[in-house]
Number of protein chains: 2
Amino acid sequence: MTIANSTSTDDLGSAAQRDRRKRILDATYDLATAGGFDAVQMRAVAEQADVALGTLYRYFPSKIHLLVSALGRQFEETATRLNEREIPGDTQADRVLYVLKRMARGMQGDPKLTEALTRAFMFADSSVANEIHVVGMSMTSIVTHAMHGGVPVEGSITDRDVAVARVLGDVWLSALVAWVTGRSTAAETAAHMDTAIHLILRD
Amino acid sequence: MTIANSTSTDDLGSAAQRDRRKRILDATYDLATAGGFDAVQMRAVAEQADVALGTLYRYFPSKIHLLVSALGRQFEETATRLNEREIPGDTQADRVLYVLKRMARGMQGDPKLTEALTRAFMFADSSVANEIHVVGMSMTSIVTHAMHGGVPVEGSITDRDVAVARVLGDVWLSALVAWVTGRSTAAETAAHMDTAIHLILRD
DNA sequence: AACAAAACTGGAACGTGTTTCTAATTATGC
DNA sequence: GCATAATTAGAAACACGTTCCAGTTTTGTT
């Protein structure tokens with residue numbers, strides 16, 4: 001009733017599906033931004049996306065799939081945006097710190113959204129493996145890109161780089177969870193990341 | 001019916017409360033061991049602990065509090081047990097690896113229980129901060145103790161030691177979550193811990 | 001254009017975490 | 001020994017994720 005952005009009356013076939021999927025993810029995003037994990041209620045998402053509840057479940061088999069997909073979409077955008085820029089900083093540590101702090105600041109600017117997406121990520125089981133993988137790859141890509149200062153040379157990324165990126169990703173995630181769940185402040189989170197990065201990337 | 005370990009017939013006042021609390025945690029533990037997070041249903045816990053549902057909620061304000069408390073009890077026991085032993089290994093890396101792999105093996109031996117407790121831990125918000133803190137302290141204590149090879153000298157633990165322990169704890173937790181949620185195998189988890197420890201503790 | 005298959009809607013219904021309420025029961029102070 | 005306050009039991013009710021279904025609309029094929 002309220003929504004509907006049909007460009008005109010002639011809705012085409014698969015375009016309608018693409019619309020639905022997008023509408024659903026947008027609604028998820030909006031609800032999460034406004035009220036966090038608890039506010040992303042499947043009935044509310046369905047209503048705001050203007051689809052039936054059963055349809056929502058046809059597109060996303062659970063609330064967790066839905067939220068992790070939304071997180072994946074956001075991470076992919078961030079990775080794409082960051083990976084086409086040069087990263088400032090003289091050392092690997094500086095550059096990685098720059099990027100991760102930037103991401104953290106971005107997420108802290110939308111605390112409710114971050115809470116919703118992080119919660120979902122942490123709660124996901126193996127049935128969400130595909131969606132999780134998208135997020136993990138984006139994260140690794142962001143960190144390795146930062147380590148190399150923005151050089152897009154593919155061959156220069158070693159196994160060790162990936163290992164470092166994974167470990168830093170783990171620490172980052174734990175720190176994020178601690179912040180999201182109110183167990184540490186933004187400053188503590190930043191300090192912790194700083195410590196971890198210098199412990200691991202001391203060259 | 002089945003439980004009850006009342007030492008004698010003269011249940012004293014607060015002793016009855018202690019009994020209830022213990023019965024509840026035991027029931028939680030049993031149900032989690034048998035069926036994981038989903039099997040720890042509040043009605044089932046109440047029934048098995050032989051208390052009313054309202055009483056259960058008087059002792060633990062939510063399922064998450066309940067499970068994290070159970071996790072805390074287990075971690076404290078593990079920390080106590082480990083901290084009164086000498087840790088084998090010539091280097092810090094060896095000793096930490098020994099301890100963390102040992103813990104991981106222990107938890108992998110009870111996959112359902114581990115799943116339940118880890119899920120709860122990851123889902124906890126700030127209202128569970130106290131219970132979480134118990135777990136975090138135990139973890140840090142275990143790692144720093146391992147770093148020092150079992151020497152109980154308090155003053156020898158530096159800020160850096162604690163920082164290292166925290167970072168390793170983060171990685172360990174992330175690896176555990178990945179394993180619990182079926183996104184990585186036990187072998188991958190072990191390899192990942194190995195990598196992280198050698199990245200951070202290379203002396 | 002006619003038909004079959006797939007997708008969608010609207011809504012009911014179920015399971016489990018959580019809340020709430022009232023009547024027993026138990027503990028505590030005088 | 002009794003009055004009063006806490007605690008507990010028992011059960012109903014609510015909230016939200018999820019499932020299911022009957023009927024309708026859309027899509028694709030011939």
Side-chain angles (χ1 to χ4, degrees), chain A residues 1-4 6 8-24 27-28 31-32 34-70 116 119-120 123-125 127-128, chain B residues 1 3-4 6 9-24 27-28 31-32 34-70 116 119-120 123-125 127-128:
Chain A
M1 308 290 181
T2 355
I3 323 262
S6 51
S8 56
T9 38
D10 56 341
D11 287 352
L12 288 182
S14 57
Q17 286 193 11
R18 228 176 300 124
D19 274 358
R20 280 206 176 77
R21 191 185 164 83
K22 183 175 185 314
R23 284 209 310 270
I24 290 172
T28 303
L31 287 168
F37 188 88
D38 289 341
V40 181
Q41 299 181 0
M42 299 306 268
R43 291 174 179 85
V45 171
E47 186 181 2
Q48 181 158 338
D50 204 22
V51 299
L53 190 55
T55 306
L56 171 54
Y57 273 92
R58 251 185 62 80
Y59 280 81
F60 299 96
S62 77
K63 174 172 174 173
I64 300 296
H65 284 81
L66 175 59
L67 280 167
V68 175
S69 295
R119 277 257 165 88
F123 213 65
D125 67 5
S127 74
V128 203
Chain B
M1 305 289 182
I3 323 243
S6 49
T9 39
D10 55 342
D11 286 354
L12 289 183
S14 56
Q17 287 192 7
R18 230 175 298 124
D19 274 359
R20 280 206 175 75
R21 191 186 164 82
K22 183 175 184 315
R23 286 209 309 271
I24 291 172
T28 303
L31 287 168
F37 187 88
D38 289 343
V40 182
Q41 299 181 1
M42 301 305 268
R43 290 173 179 84
V45 171
E47 186 180 3
Q48 182 159 339
D50 204 23
V51 300
L53 189 56
T55 306
L56 171 54
Y57 272 92
R58 251 185 61 82
Y59 281 81
F60 299 94
S62 78
K63 172 171 175 173
I64 300 296
H65 283 81
L66 175 59
L67 281 167
V68 175
S69 296
R119 277 258 164 88
F123 212 64
D125 66 6
S127 75
V128 204

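- For A/Arg58 and C/dA7, the shortest distance from a side-chain N or O to OP1 or OP2 is below 4.0 Å.
- Per the geometry, CG belonging to A/Leu66 stands 16 Å off P belonging to D/dC16, to the nearest Å.
- Distance CG (B/Leu53) to P (D/dC14): 16 Å, rounded to an integer number of Å.
- Using a 4.5 Å heavy-atom threshold, the side chains of A/Arg119 and B/Asp125 count as touching.
- Between the CD1 atom in B/Ile24 and the CE atom in B/Met42 there is a gap of 8.5 Å [rounded to 0.5 Å].
- Following rounding to the nearest Å, B/Ile24 (CD1) and D/dT7 (C1') show an atom-to-atom distance of 13 Å.
- Nucleotides of DNA chain C nearest to A/Arg43 and B/Arg43 differ in position, and the one nearer the 5' end is that of A/Arg43.
- For A/Ile64 and D/dG17, the CD1 to P distance is 10 Å, given to the nearest whole Å.
- Proximity of B/Tyr59 to the phosphate of D/dT8: a side-chain N or O atom is located under 4.0 Å from OP1 or OP2.
- For B/Gln41, whose side chain is taken as the heavy atoms from C-beta onward, the closest listed nucleotide among D/dA9, C/dA12, C/dG17 is C/dG17.
- Atom CZ of B/Phe123 is separated from atom C1' of C/dT16 by 14 Å (rounded to the nearest Å).
- Residue A/Val40 is classed as a sugar-phosphate contact, given heavy-atom separations below 4.0 Å to backbone atoms only.
- Of the candidate nucleotides D/dC16, C/dT9, D/dT18, C/dT9 has the atom nearest to the side chain of A/Arg20.
- Across every non-hydrogen atom of B/Gly36 and B/Ala116, the tightest pair is C-CB, 3.7 Å.
- For the pair A/Asp125 CG and D/dG17 C1', the computed distance is 14 Å after rounding to whole Å.
- Across the interface with DNA chain D, nearest-nucleotide mapping of B/Leu56 and A/Lys63 shows B/Leu56 to be the residue nearer the 5′ end.
- Annotation: cation-pi pair B/Lys63/B/Phe123 absent, no NZ/CZ under 6.0 Å from the ring centroid and within 45° of its normal.
- The side chain of A/Met42 approaches D/dT18 more closely than any other nucleotide in the set C/dG17, D/dT18, C/dT19.
- The CG atom of B/Leu31 sits 14 Å away from the C1' atom of C/dT16 (whole-angstrom rounding).
- Among all heavy-atom pairs drawn from B/Leu31 and B/Ala39, the shortest one is O-CB, 3.9 Å.
- Which of D/dA9, C/dT18, D/dG17 sits closest to the side chain of A/Tyr57 comes down to D/dG17.
- Atoms NE2 (A/His65) and P (D/dG17) sit 16 Å apart, rounded to a whole Å.
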